[in-house]
Amino acid sequence: MDKTSYVALLRGLNVGGNNVIKMSELKALFGELHFTEVVTCIQSGNVIFNDFEEDKTSISQKIEDALSGRLGHKITIALLTASEMKDVVEKRPEGFGDDGKKYNYDVLFLIAPLKPADAVKELRVRTGVDEIWPGEKVLYISRLTSEITKSYFSKITETSIYRNVTTRNWNTTKKLNELMNR
């Protein structure tokens, strides 16, 4: 049986001084959970690792329980395989990510059981500023940089889906894919 490569995208870690954990501690915690080839990427809680287990629900629960125990409150994650991360990058909407000077590009990774069709319904779009495209397990978001203060995307914290998403910018998403799929 082969190992599967995963990325755990931890929600709300090291943001605004909350849920602070050093990446070295995070890496050690994943090692304690018997995951192998653990690599952290960027301070916001991106952990790439390998495991023989194929049940993503079981892996997610194991990680969330360990993190919640360490930090003292519930932490949720989006868990993707290398193949799923590759799809996120390769199946992006046409032109998405191509003009980083004109637009800010983000990927909203959905935490189960949230589905793209349901998530889209909860987000408002300001015409001429924001665009949203549903993917398989994500939403792709672009915001016109010159009008960023007018974007409705910042209001995501007021939605019912906020606790079931974690956001990564397009450059981080591409970097994670590159690290996982070398």
Side-chain angles (χ1 to χ4, degrees), residues 6-20 41-47 55-65 67-68 71 73-81 83-100 102-177 180:
Y6 294 98
V7 63
L9 306 173
L10 286 61
R11 187 186 176 288
L13 200 72
N14 295 343
V15 177
N18 297 314
N19 301 325
V20 176
C41 180
I42 307 178
Q43 286 296 115
S44 60
N46 306 298
V47 184
D55 181 356
K56 287 174 49 181
T57 302
S58 174
I59 294 170
S60 293
Q61 192 63 57
K62 181 177 174 180
I63 295 167
E64 289 174 356
D65 289 349
L67 285 165
S68 297
L71 296 171
H73 53 279
K74 184 161 177 55
I75 299 292
T76 56
I77 68 167
L79 185 68
L80 290 89
T81 64
S83 174
E84 290 169 329
M85 183 58 87
K86 186 176 182 181
D87 282 349
V88 168
V89 172
E90 289 183 353
K91 294 180 180 180
R92 68 188 169 111
E94 187 175 336
F96 184 86
D98 290 350
D99 192 353
K102 187 172 181 179
Y103 297 96
N104 283 33
Y105 298 103
D106 293 296
V107 179
L108 244 63
F109 291 89
L110 309 181
I111 298 170
L114 184 61
K115 304 281 187 228
D118 297 326
V120 166
K121 292 175 192 173
E122 293 295 317
L123 298 176
R124 290 177 48 205
V125 174
R126 183 175 293 265
T127 305
V129 177
D130 304 315
E131 283 197 69
I132 299 173
W133 299 268
E136 289 181 31
K137 297 175 188 259
V138 300
L139 297 182
Y140 299 91
I141 311 284
S142 76
R143 294 169 290 146
L144 188 61
T145 304
S146 64
E147 301 287 326
I148 201 90
T149 58
K150 296 179 182 174
S151 171
Y152 284 148
F153 185 63
S154 62
K155 299 197 181 293
I156 191 171
T157 58
E158 300 168 7
T159 68
S160 64
I161 68 166
Y162 180 62
R163 299 261 177 234
N164 292 311
V165 300
T166 187
T167 307
R168 299 297 183 273
N169 70 43
W170 181 238
N171 289 334
T172 298
T173 302
K174 290 188 306 183
K175 178 67 174 176
L176 290 167
N177 178 59
M180 294 179 79

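Below, each value reflects all heavy atoms present in this structure, side chains not excepted, and no hydrogens, waters or symmetry copies. As the structure is a prediction and not an experimental result, all values here were calculated from the model.
- Annotation for Lys56: atom NZ counts as buried by contact number, over 12 foreign heavy atoms lying within 6.0 Å.
- You'll find the side chain of Glu131 stays beyond 4.5 Å of the side chain of Val125, heavy atoms only.
- Because its NZ or CZ atom is both nearer than 6.0 Å to the ring centre of Tyr152 and within 45° of the ring axis, Arg124 counts as a cation-pi partner of that residue.
- In this structure, OG1 in Thr81 is found 10.0 Å from CD1 in Ile59, a value given to the nearest 0.5 Å.
- Counting non-hydrogen atoms of neighbouring residues, nucleotides and ligands closer than 6.0 angstrom, the NZ atom of Lys174 exceeds 12 such neighbours.
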Quiz item: Yes or no on salt bridge (Lys or Arg N to Asp or Glu O under 4.0 Å) for Arg92 and Asp98, after CA distance, side-chain angles and deciding distance?
Solution: CA-CA 11 Å; Arg92 68 188 169 111; Asp98 290 350; 3.0 Å; yes
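- Judged by a 6.0 Å distance limit and a 45° cone about the ring axis, Arg11 is positioned over the six-membered ring of Tyr162.
- The shortest side-chain heavy-atom distance between Met85 and Phe109 falls under the 4.5 Å cut-off.
- Atoms OG1 and CD1, on Thr166 and Ile77 in that order, are 10.0 Å from each other to the nearest 0.5 Å.
- Between Pro116 and Val138 there is no side-chain heavy-atom pair separated by less than 4.5 Å.
- For Lys155, there are no side chain to side chain donor-acceptor pair (under 3.5 Å) partners two or more places apart in sequence or in a different chain.
- Panel note: side chain Asp118, backbone Leu114; no donor-acceptor pair is recorded below 3.5 Å.
- Rounding to the nearest 0.5 Å places CG of Leu9 at 10.5 Å from OG1 of Thr76.
- Glu64 places no side-chain N or O within donor-acceptor distance of the main-chain N or O of Lys74, the cut-off being under 3.5 Å.
- At a threshold of 4.5 Å between non-hydrogen side-chain atoms, the residues Ile141 and Tyr105 do not count as touching.
- Salt bridge annotation for Asp87-Lys137: absent, with no cationic side-chain nitrogen under 4.0 angstrom from a carboxylate oxygen.
- Separating the CZ atom in Arg163 from the CD1 atom in Ile111 is a distance of 10.5 Å, to the nearest 0.5 Å.
- No side-chain heavy atom of Asn177 sits under 4.5 Å from any side-chain heavy atom of Thr173.
- Atom CZ of Arg168 and atom CD1 of Ile42 lie 8.5 Å apart (nearest 0.5 Å).
- Annotation: side chain of Arg143 is in contact with side chain of Asp106 (closest heavy-atom distance under 4.5 Å).
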Exercise. Check step by step if side chain to side chain contact (heavy atoms under 4.5 Å, CB included) holds for Leu110 and Lys115.
Key: CA-CA 7 Å; Leu110 309 181; Lys115 304 281 187 228; 5.8 Å; no
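- Nearest heavy-atom pair, Ser142 versus Tyr103, reported as atom, atom and distance to 0.1 Å: OG-CD2, 4.3 Å.
- Scanning all heavy atoms of the two residues, the minimum distance from Leu139 to Pro134 falls at CD2-CA, 3.7 Å.
- Side-chain contact between Phe153 and Asn104 is absent, with no heavy-atom pair separated by less than 4.5 Å.
- Taking CD1 of Ile161 as the reference point, atom CG of Leu108 lies at 6.0 Å (rounded to 0.5 Å).
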Self-check item: Ile156 and Leu123: CA distance, side-chain angles, deciding distance, side chain to side chain contact (heavy atoms under 4.5 Å, CB included) verdict
Solution: CA-CA 7 Å; Ile156 191 171; Leu123 298 176; 3.7 Å; yes
